Amino acid sequence: MRLSEIMSSFKLASYAEIGLIIFLLVFVAVVLRVMSKRHQAEYEAASLMPLDDEIIRTSRLEERGGESS
Amino acid sequence: MRGQVTQRRAAPPRLAHILIKGPPMSERVERFTYDDGIVRNFAFATAIWGLVATLAGVTLALQLVLPQLNLNEWLTFGRLRPLHTNAAIFAFAGNAIFAAVYYSSQRLLKARMFSDTLSKIHFWGWQAIIVAAAITLPLGLSQSKEYAELEWPIDVAVVVVWVVFAINFFGTIAKRRERHLYVAIWFYIATIVTIAILYIFNNLVIPAGLFKSYPVYAGVQDAFMQWWYGHNAVAFFLTTPFLGLMYYFLPKAAERPVFSYKLSILHFWSLVFIYIWAGPHHLHYTALPEWASSLGMVFSVMLWMPSWGGMINGLLTLRGAWNRVASDPVLKFFVVGITFYGMATFEGPLLSVKTVNALSHYTDWTIAHVHAGALGWNGFMAFGMLYWLAPRLFQTKLWSKRLAEYHFWIGTLGILFYIIAIYAAGVTQGLMWRAFDETGRLAYPDFVETVVRLLPMYWVRVVGGLMYVAGIVMCLVNIVMTWKNRPAKYEEPVHEAPALGADTDPAPQLQIPEHAPLLEAHHRVAYFTRAAWHRVWERRPAKFTILVTVAVAIASLFEIIPTFLIRSNVPTIASVKPYTPLELYGRDIYIEEGCYNCHSQMVRPMRAETERYGEYSKAGEFVYDHPFQWGSRRIGPDLHRIGGKYPHLWHVRHMDDPRSTTPQSIMPAYPHMLTKDIQFDVIQQRVDAMAMLGVPYGDAVNQAEQMARKQARRIAEDIEDQGGPPGLEGKEITAMVAYLQRLGTDIKQAPPPEAEEAPSAATPESDTTVIRVQGF
């Protein structure tokens with residue numbers, strides 16, 4: 001028996017449409033959430049993360065603590 | 001939450017920390033270093049493989065204008081083209097991605113990579129895979145699915161290395177010291193998860209020997225699977241990781257945050273949700289069910305929105321910094337790269353519109369489109385990153401900023417030369433294919449006319465390609481010279497950040513003031529309406545993101561699996577029979593030589609095509625095609641109805657020297673097919689593998705070799721009868737002729753009676769072009 005015969009016996013065709021609708025609904029929910037004002041400050045802070053990642057407390061090789069390369 | 005901040009002002013004054021979650025309660029500060037050695041390795045590999053990939057590209061461009069440059073059987077266009085595409089995607093872009101991921105993730109997560117050993121295994125394993133690809137592809141070991149050509153043992157290695165990468169990456173996330181995951185990390189997560197799924201599913205094969213396999217899918221299903229993979233490989237290998245790169249390195253280089261973080265989040269989600277559906281647009285007007293390709297089209301057009309959102313987000317990040325673009329080659333590369341992202345993502349949906357696709361498909365338009373994306377977007381983003389990284393990785397000044405500027409200009413001009421010429425070539429050829437004269441006949445019935453017309457533009461492409469290669473040489477020189485100026489010992493800065501423990505960052509609690517119990521109900525309502533329950537989720541962003549990404553990937557599988565496995569989508573045709581053992585062997589040679597790189601096997605249902613090639617292709621004709629051979633570009637004519645069109649001898653002469661039958665042909669010559677012996681001993685194994693996949697092989701399961709020998713003898717006799725060279729029996733050419741003469745002919749047969757005879761029993765008197773070998 002071919003794999004396709006087994007699969008077709010499950011009658012999965014409608015799953016594609018159901019999947020599509022779920023995708024769309026989740027996406028709309030995500031858009032609404034992202035656009036809401038509530039997270040404004042959080043996003044502003046997050047956007048600074050790449051600029052915030054090079055704070056070097058100790059810069060000399062010799063001063064390195066336990067963690068090594 | 002922000003109320004709490006004021007209470008605990010003692011923490012380090014880092015804005016990101018304060019606004020997102022307040023300072024951690026634990027003051028346990030940890031010291032750590034970043035592993036930049038691995039980034040240096042990946043950066044070098046990026047530049048070196050970039051050179052290899054583009055040199056292969058220039059070689060191919062030259063072979064198209066000077067076919068005699070197809071020097072021998074290992075260096076023909078059909079075998080080198082997969083080498084070029086795989087090198088560009090997996091070697092050049094791949095190493096650039098890894099350099100970006102390893103550099104930025106450590107910093108965004110404030111943690112050294114999970115395991116230095118895994119990093120090393122990842123790096124060397126990946127380079128070994130690339131070398132294996134560079135050896136096996138010219139040898140003709142190929143699965144023939146575009147960008148998935150590597151044979152199964154290498155596929156296994158790819159999966160193993162990818163899993164190593166995934167463990168290393170997610171391990172780093174697990175031990176991070178930054179609660180919030182920056183959007184670049186999201187893009188990386190999507191890349192890792194999705195590529196793993198795509199790659200595994202598209203490469204499910206049944207081995208027939210150490211370096212030979214057949215995919216479990218056939219015909220339409222295989223095509224659907226392949227382009228679901230092919231399209232999403234572009235999405236999740238060439239788009240999302242490079243967007244992650246952009247969202248990290250662009251703010252770095254511009255020294256300002258991304259224009260809109262909100263937009264970048266929307267960008268992410270819309271790519272994840274929409275991109276995955278768009279694959280079928282590669283198969284318009286093919287035997288794919290109409291609804292599937294329409295769905296692909298609609299979703300492709302929807303992709304305009306996030307793509308342009310992303311481009312605008314990138315370009316607006318430079319607001320107020322445009323003056324620096326003039327003096328900084330890094331920003332120049334980024335600006336042009338992002339612009340090409342916008343152009344390519346505008347054009348992609350355009351090409352997915354059926355009416356446009358009817359013209360563009362199988363022409364150079366597609367080639368121009370992908371090169372605008374690969375050279376402009378992927379290439380320039382990678383170069384921008386390399387120039388930004390070089391001084392930091394090698395802890396010295398960039399050797400020559402001026403050389404980087406030259407690289408930028410010669411690279412940009414090279415891209416423009418390339419794509420303008422090839423756009424023109426694509427539209428020219430597309431219009432010539434469909435042109436009719438006033439009598440209603442094809443204006444250019446001879447396919448080669450439409451090829452010869454393109455050659456001047458192909459020469460321009462060679463020039464553009466050489467310019468781009470020159471730029472990469474400059475980049476490589478610059479990086480090597482910068483590396484030479486490195487300090488005797490790299491300084492390894494030690495960073496400090498508080499640890500993130502489960503106890504250090506509790507979820508927001510329902511706080512009820514002790515002195516006001518009456519307000520409890522109010523507080524409960526407020527707790528709920530403030531969506532605090534959701535914030536609990538957000539505090540586990542790793543789990544949140546990973547789960548959502550996995551859900552998306554599984555959901556897309558759910559959408560795709562039924563579509564390609566439901567039998568009713570492919571109406572069967574009674575007269576369509578499996579290939580004979582010899583034809584199957586011939587088909588394997590066709591795959592080995594990479595014929596699909598230049599010839600489609602898919603006549604679309606349009607008058608211009610049916611006039612030129614014959615009856616349009618039906619889905620049911622491909623049910624035994626493991627793998628499908630529809631192709632994606634017609635540098636030569638479609639071959640689906642080639643069977644019976646010419647006598648055997650024509651094929652023999654054409655393979656030996658294409659210019660002897662078609663003087664202006666640019667096809668490589670395959671004289672070795674007339675001298676190389678068929679390996680009859682492997683045929684049984686291959687037939688058995690096909691039988692395992694459900695191909696009804698009947699008697700051939702036991703006597704494939706004898707059947708093949710008989711058929712080969714008969715074809716050799718026919719060739720001799722037609723005045724061809726003697727002694728071809730047992731040579732590869734007989735298998736090739738057997739396959740080509742069979743192509744697309746089944747549908748012309750009446751459903752066969754109960755004749756179960758071996759090919760040798762066919763009528764002996766026909767020495768003409770009629771196909772006498774029709775299976776069993």
Side-chain angles (χ1 to χ4, degrees), chain A, chain B residues 2 14-20 30-33 35 37 104 107-108 110 112 116 178 180 182-184 216 221 247-249 251-252 255-258 260-262 264-266 269-270 273-274 277 295 489 491-496 531 552 555-556 558-559 561-563 565-568 693-694:
Chain A
M1 178 171 251
R2 289 172 63 93
L3 185 59
S4 53
E5 285 166 19
I6 301 168
M7 286 302 289
S8 24
S9 67
F10 288 133
K11 307 235 180 305
L12 295 173
S14 59
Y15 279 56
E17 283 118 72
I18 296 171
L20 179 66
I21 292 166
I22 295 174
F23 265 56
L24 211 61
L25 290 179
V26 174
F27 183 63
V28 168
V30 167
V31 172
L32 290 177
R33 206 181 94 73
V34 170
M35 296 314 286
S36 75
K37 283 265 181 276
R38 191 178 295 130
H39 306 286
Q40 189 71 39
E42 181 184 322
Y43 293 147
E44 268 169 32
S47 71
L48 292 172
M49 288 176 70
L51 305 173
D52 181 40
D53 62 5
E54 293 283 3
I55 299 170
I56 299 167
R57 314 280 175 191
T58 325
S59 70
R60 292 308 310 161
L61 196 63
E62 307 80 65
E63 292 172 34
R64 244 186 316 135
E67 194 170 341
S68 68
S69 55
Chain B
R2 261 174 288 162
R14 290 185 30 234
L15 191 54
H17 258 279
I18 293 169
L19 288 178
I20 292 172
E30 292 180 339
R31 300 174 144 218
F32 52 95
T33 57
D35 180 6
S104 61
R107 284 158 173 85
L108 289 169
K110 296 205 181 346
R112 193 183 178 86
D116 287 7
E178 177 66 73
H180 189 89
Y182 183 66
V183 70
V216 297
Q221 282 99 6
Y247 281 119
Y248 179 80
F249 288 96
K252 277 288 198 198
E255 291 170 356
R256 57 199 62 224
V258 66
S260 164
Y261 193 73
K262 242 181 210 180
S264 70
I265 295 176
L266 283 183
W269 286 114
S270 43
F273 278 111
I274 300 176
W277 299 79
L295 186 75
K489 190 162 173 54
E491 190 173 306
E492 241 187 303
V494 177
H495 302 257
E496 274 182 2
V552 165
S556 5
F558 236 111
E559 119 76 34
I561 285 177
T563 8
L565 287 180
I566 289 172
R567 208 178 172 73
S568 62
L693 289 167

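Each chain gets a letter, A, B and so on, in the order its sequence line appears, and its residues count up from 1. This is a predicted model, so every value here is computed, not measured.
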query: Picking from B/L108, B/V183, B/V258, what satisfies side-chain contact (heavy atoms from CB on, under 4.5 Å) with A/M49?
result: B/L108
task: Of all the heavy-atom pairs spanning A/P50 and B/K252, show the shortest one and how long it is.
output: O-NZ, 2.8 Å
field: Toward chain A, the part of B/E255 with a non-hydrogen atom under 4.5 Å
entry: backbone
- request: Check for a donor-acceptor pair, side chain of B/K262 on one end and backbone N or O of A/Q40 on the other, with a separation under 3.5 Å.
  value: no
statement: Applying a strict 4.5 Å limit to non-hydrogen atoms, the region of B/S260 in contact with chain A is neither
query: For B/Y247, is it the side chain, the backbone, both, or neither that has a heavy atom closer than 4.5 Å to a heavy atom of chain A?
result: backbone
query: Between A/L51 and B/P257, which heavy-atom pair has the shortest distance, and what is it?
result: CD1-N, 3.4 Å
